[in-house]
Peer 1: 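Sharing a structure, written as structure tokens. Questions coming.
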Protein chains: 2
Amino acid sequence: MKGVAMAGTRGVKGVAMAGTPGVKATRELSDRGAETRTLILDTALEAFAEAGFRGTSVREIAARCGLTHPALLYHFPTKADLLMAVLSRRDQADGGDGFGDLGAHAMLEHLVATARLNATQRGVVELYATLSAEATGRDHPAHEYFRRRYASLVADLTRGFAELAAGGQLAARTDPSVAARQLVALMDGLQVQWLLDPEVDMAGLLEAYLDTQLA
Amino acid sequence: MKGVAMAGTRGVKGVAMAGTPGVKATRELSDRGAETRTLILDTALEAFAEAGFRGTSVREIAARCGLTHPALLYHFPTKADLLMAVLSRRDQADGGDGFGDLGAHAMLEHLVATARLNATQRGVVELYATLSAEATGRDHPAHEYFRRRYASLVADLTRGFAELAAGGQLAARTDPSVAARQLVALMDGLQVQWLLDPEVDMAGLLEAYLDTQLA
DNA sequence: GTCTATAGAGTGATAGAC
DNA sequence: GTCTATCACTCTATAGAC
């Protein structure tokens, strides 16, 4: 699924080599090089989360892995490639393509559960909060990624709220696409507030919003 | 006032030299040096907005002003000093200390009006969206600034919603402090969505939220 | 108040040895 | 697959002339 700062299962190994040069598509499992790649991706996630994409150097990430920076660039030819690999790896860990065919209730429950989980994973929240703002610039390497991400998230949620409306479960004054955008905005904004003050209850404030919108 | 990406009057000159070394507190108006300072602050706002604090160099800002970077650093001794000067200048332009003693209705109207105005000032929105995310890191020069900013914004809005509740103008299920945090989050999140897609109607989505919370 | 020059460190990326 | 060495920049900041 595709929550805005969606958390997912950590430590999924051996599935994150798509599209990388120098690695054969068909090869044995328990490849030693794949472990290095996984280490790099985990480390890069933390580093980008702490200082953003522009604020983090390839050397810094490599050093935390116990590597030199040319060794890292052997696996990911450019820094932008590394960023995109980190993002797609999270997408895969989060279950692939969006909410898929989840029902409306399951969708909203998943969202609240994710907010609760995120409150235990500061790094992931920092990554998406920092990057989504950074990537509003049209020249940022992750710009198109975030455009697509938000468009599909809003589309899925609009479908969900419309389903609720059809079943008479949405407040009469609530428009599905309006609620979808508001919900996404709320998740993003609450993350910034939580990062500045961990007392902020992201999941609770999200649930309170949903209570006011449901019939 | 202190909206999250609050816009204010541009081009206010000769009022932004507070706390800068090398400039006497009491001096004649129409100081020539003050014009350079103002030019630098306007230019720095634009530049920080486009690429964030970390993504912008002092040289880049100086060049856009037709200056060399040592000339700029004569006016603002460090890059962090320049950032803080940009932020305090905007706060002054926006009217000083928060919502002050504005009534609840005036407060909310001001907020919606600001959202509408912001849709014509992409640079200002980019500045606050990028910086507020960047500044969640505890070592960022603007970290304390944003902590204070959000705390006072939430406090003011909580007071406003409480005032409405006392007058029976708030929906029964709405808690003032919950609504305050949600409203701030909504403003922040909508800005990111608007930066990624200018079709997004920030003011309209904000008004729609307020309609669901008022009695 | 602005300049040139430079220090001193950091940047992404590449070449080539092993 | 990882290394050392290096290229060609860029960065913030300072020294000192004018």
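In what follows, chains are A, B, ... by sequence order, proteins preceding strands, each numbered from 1.
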Peer 1: How many whole angstroms separate atom CZ of F76(A) from atom P of dT14(C)?
Peer 2: 16 Å
Peer 1: To the nearest Å, give me how far apart CG (L83(A)) and P (dT11(C)) are.
Peer 2: 17 Å
Peer 1: Would one find a side-chain N or O of T36(B) under 4.0 angstrom from OP1 or OP2 of dT2(C)?
Peer 2: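 So the side chain of T36(B) is within the cut-off, an N or O lying under 4.0 Å from OP1 or OP2 of dT2(C).
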Peer 1: Where the side chain of H75(A) is defined as all heavy atoms beyond and including C-beta, which of dA5(D), dT4(C), dG1(D) is the nearest nucleotide?
Peer 2: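 Within the option list, the nearest is dG1(D).
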Peer 1: Measure CD/E60(A) against P/dG10(C) and give the value in whole Å, please.
Peer 2: 11 Å
Peer 1: Nearest whole Å is fine: how far is dC11(D) P from H69(B) NE2?
Peer 2: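 Taking atom P of dC11(D) as the reference, NE2 of H69(B) is at 9 Å.
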Peer 1: Partners of H69(B) by ring-ring contact (aromatic ring centres under 6.0 Å, His included), sequence neighbours excluded?
Peer 2: none
Peer 1: Look at T68(B) and dT2(C) and indicate whether a side-chain polar atom (N or O) is within less than 4.0 Å of OP1 or OP2.
Peer 2: no
Peer 1: Mind calculating the distance between CG (L67(B)) and P (dT4(C)) to the nearest angstrom?
Peer 2: 11 Å
Peer 1: Any N or O donor-acceptor pair linking the side chain of R59(A) to the base of dG12(C) at under 3.5 Å?
Peer 2: yes
Peer 1: Ignoring hydrogens and angles, state whether a donor on the side chain of T78(A) or D81(A) is under 3.5 Å from an acceptor on the partner side chain.
Peer 2: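 Present: a donor and an acceptor within the cut-off.
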Peer 1: Given dC11(D), dG12(C), dA13(C), which nucleotide is nearest the side-chain atoms of T78(A)?
Peer 2: dA13(C)
Peer 1: Mind checking whether F53(B) and F48(B) have parallel, tilted or perpendicular rings, split at 30° and 60°?
Peer 2: tilted
Peer 1: Could you check which of dT14(C), dT2(C), dC3(D) has an atom nearest any side-chain atom of L73(A)?
Peer 2: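 Comparing dT14(C), dT2(C), dC3(D) against the side chain of L73(A), the answer is dT14(C).
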Peer 1: Taking the six-membered ring for Trp, are H140(B) and F146(B) ring centroids under 6.0 Å apart?
Peer 2: no
Peer 1: According to a strict under-4.0 Å criterion, is S57(A) in side-chain N/O contact with OP1 or OP2 of dG10(C)?
Peer 2: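 It does not, given that no N or O in the side chain of S57(A) lies less than 4.0 Å from OP1 or OP2 of dG10(C).
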Peer 1: I40(B) CD1 to dG1(C) P: how many Å, rounded?
Peer 2: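 So the two atoms are 11 Å apart, to the nearest Å.
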Peer 1: Rounded off to whole Å, could you give me the OH-to-P distance for the Y74(B) and dG16(D) pair?
Peer 2: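 Distance, rounded to whole Å: 18 Å.
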Peer 1: For R64(A), which residues count as a salt bridge (charged side-chain N to carboxylate O under 4.0 Å, His left out) partner, sequence neighbours excluded?
Peer 2: E50(A), E60(A)
Peer 1: Just the rounded figure in Å: distance from P of dT14(C) to CG of L72(A).
Peer 2: 13 Å
